[in-house]
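Here is the structure we will look at.
Counting starts at 1 for both ligands and their atoms, following the listed order.
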Amino acid sequence: MAQSIGFIGLGIMGQPMALNLVKAGYHLTVFNRTRGKAEPLERAGARVARTPAEAAQNADFIVSIVSDSAASEEVISGKDGVLQTIRPGAIVIDSATISPVVSRKLACQTAGRKASFLDAPVTGSKHGAEKGELTFMVGGNRETFESAMPVLEELGKKHIYCGEHGAGLSAKLAQNAIQSTMLEIFCEGFVLAAKSGVRPEVMFEIVQNSMARSTLTDFKAPFIFKGDFTPYFPLKWMHKDVTLAMEAAFSKGVPMPVTAAVKEVYGSARAQGKGDLDYAAVCTFLEELAGVKVRSTEGKKAESGKA
Ligand code: NAP
């Protein structure tokens with residue numbers, strides 16, 4: 001008999017992940033705070049719950065991917081949360097990027113209900129979620145990880161066991177410290193080039209034929225050059241993640257001077273109202289400081305007017 005899954009959080013990531021689980025034949029009961037976002041899932045055959053507790057009732061697995069630590073706490077251990085109804089033996093897979101400290105607390109509370117918990121943050125963004133090609137970084141008991149693999153395999157192409165509770169999130173925060181910095185420094189370089197009269201297309205050809213090339217910037221550059229900042233990964237969440245990385249760095253006594261500066265760049269862009277745009281919009285913050293735009297000119301001279 002097909003197993004049942006309670007799925008919580010139908011945002012940019014959760015919506016396509018949940019659809020993939022329905023297509024794979026699981027019985028899904030979904031919850032989203034804003035009910036309208038559950039309609040595509042309802043049309044695909046999922047049941048819609050009024051609370052996370054209702055979504056978790058009788059489920060073999062509960063997958064949750066909400067925005068931040070406070071939201072994960074609310075949907076898992078809150079008044080109408082998953083732990084109110086979870087059945088013994090069920091597995092909670094929390095794929096949100098949240099504080100490892102909060103996640104370990106949720107794992108303990110889940111164990112108190114004789115159920116299991118995995119921190120299973122992801123990378124791969126909206127496209128990876130749509131194609132079922134996410135990379136998972138998983139923390140928790142290894143046997144629980146193995147039991148959750150049939151579900152994780154429908155959602156991702158790579159599943160990396162990182163260690164005990166919180167280890168998946170610790171890895172994810174390190175990965176986003178790297179990724180946020182790579183994109184920010186790419187933008188700094190392109191702003192300098194544009195201000196110096198080097199067209200973005202020319203600069204891009206140089207980067208693509210150098211050791212500075214990356215799959216990240218191969219993907220993001222065309223959007224930056226078009227000025228298209230439709231959110232795949234909202235800037236406010238990248239700011240959240242570098243903030244969490246710095247908290248982890250403080251607690252472990254690890255100096256991260258570049259990440260600290262990059263956190264302030266994303267924080268400044270967020271304070272300017274760019275939080276709901278894709279995190280590539282960090283480029284527009286740097287453009288405004290320098291008074292230049294990094295936009296495709298296709299044969300025209302580099303645009304170097306006021307941003
Ligand atoms: P999103 O589109 O903003 O969706 C956030 C989801 O959280 C929505 O379903 C939202 O409900 C829900 N939510 C927020 N606060 C809540 C609360 N207090 N109670 C219940 N539900 C609440 O974000 P996303 O891009 O899907 O990201 C979700 C998580 O995945 C984040 O932790 C993010 O860092 C991580 N992540 C994202 C990406 C990416 O590329 N987008 C990649 C890797 C990891 P409403 O619809 O009601 O607002």
Quick check: does Lys172 get an N/O under 3.5 Å from an N/O on ligand 1? no
Should Met13 be counted as touching ligand 1, given the test is an N or O pair under 3.5 Å? yes
Output yes when the distance from some N or O of ligand 1 to some N or O of Gly9 is under 3.5 Å, and no in every other case. no
With atoms numbered from 1 as shown, which atoms in ligand 1 lie under 4.0 angstrom from a non-hydrogen atom of Lys37? 45 (P), 46 (O), 48 (O)
Judging by distance only, is a nitrogen or oxygen of Val66 under 3.5 angstrom from one on ligand 1? yes
Selected option - heavy-atom contact closest to atom 36 (N) of ligand 1, from Tyr232, Phe233, Tyr279: Phe233
Would you check the N or O atoms of Ser95, main chain and side chain alike, for any that come under 3.5 Å of an N or O of ligand 1? no
Selection from His127, Glu74, Arg33 by shortest heavy-atom distance to atom 16 (C) of ligand 1: Arg33
Measuring from atom 11 (O) of ligand 1, which candidate in Thr97, Asn32, Ile65 has the nearest non-hydrogen atom? Asn32
Would you call Glu247 and Lys263 a salt bridge, taking side-chain N to carboxylate O under 4.0 Å as the test? no
Is it the case that the side chain of Glu154 and the backbone of Asn20 share a donor-acceptor pair, with hydrogens and angles ignored and the cut-off at 3.5 Å? no
So for ligand 1, is Val75 a polar contact partner (N or O within less than 3.5 Å, distance only)? no
Are any of the side-chain heavy atoms of Ile93 and Phe117 separated by less than 4.5 Å? no
For Ala96, the ligand 1 atoms whose distance to one of its heavy atoms is below 4.0 Å: 32 (O)
Tell me if the centroids of the rings in Phe7 and Tyr26 come within less than 6.0 Å of each other. no
Mind checking whether Lys240 has an N or O less than 3.5 Å away from an N or O of ligand 1? yes
For Tyr279, give me all partners under ring pair (Phe, Tyr, Trp, His ring centres under 6.0 Å), at least two apart in sequence or on another chain. Phe233
Do Lys220 and Asp278 meet the salt-bridge criterion of a basic N to acidic O distance under 4.0 Å? yes
Taking both backbone and side-chain atoms of Lys236, is any N or O found less than 3.5 Å from an N or O belonging to ligand 1? no
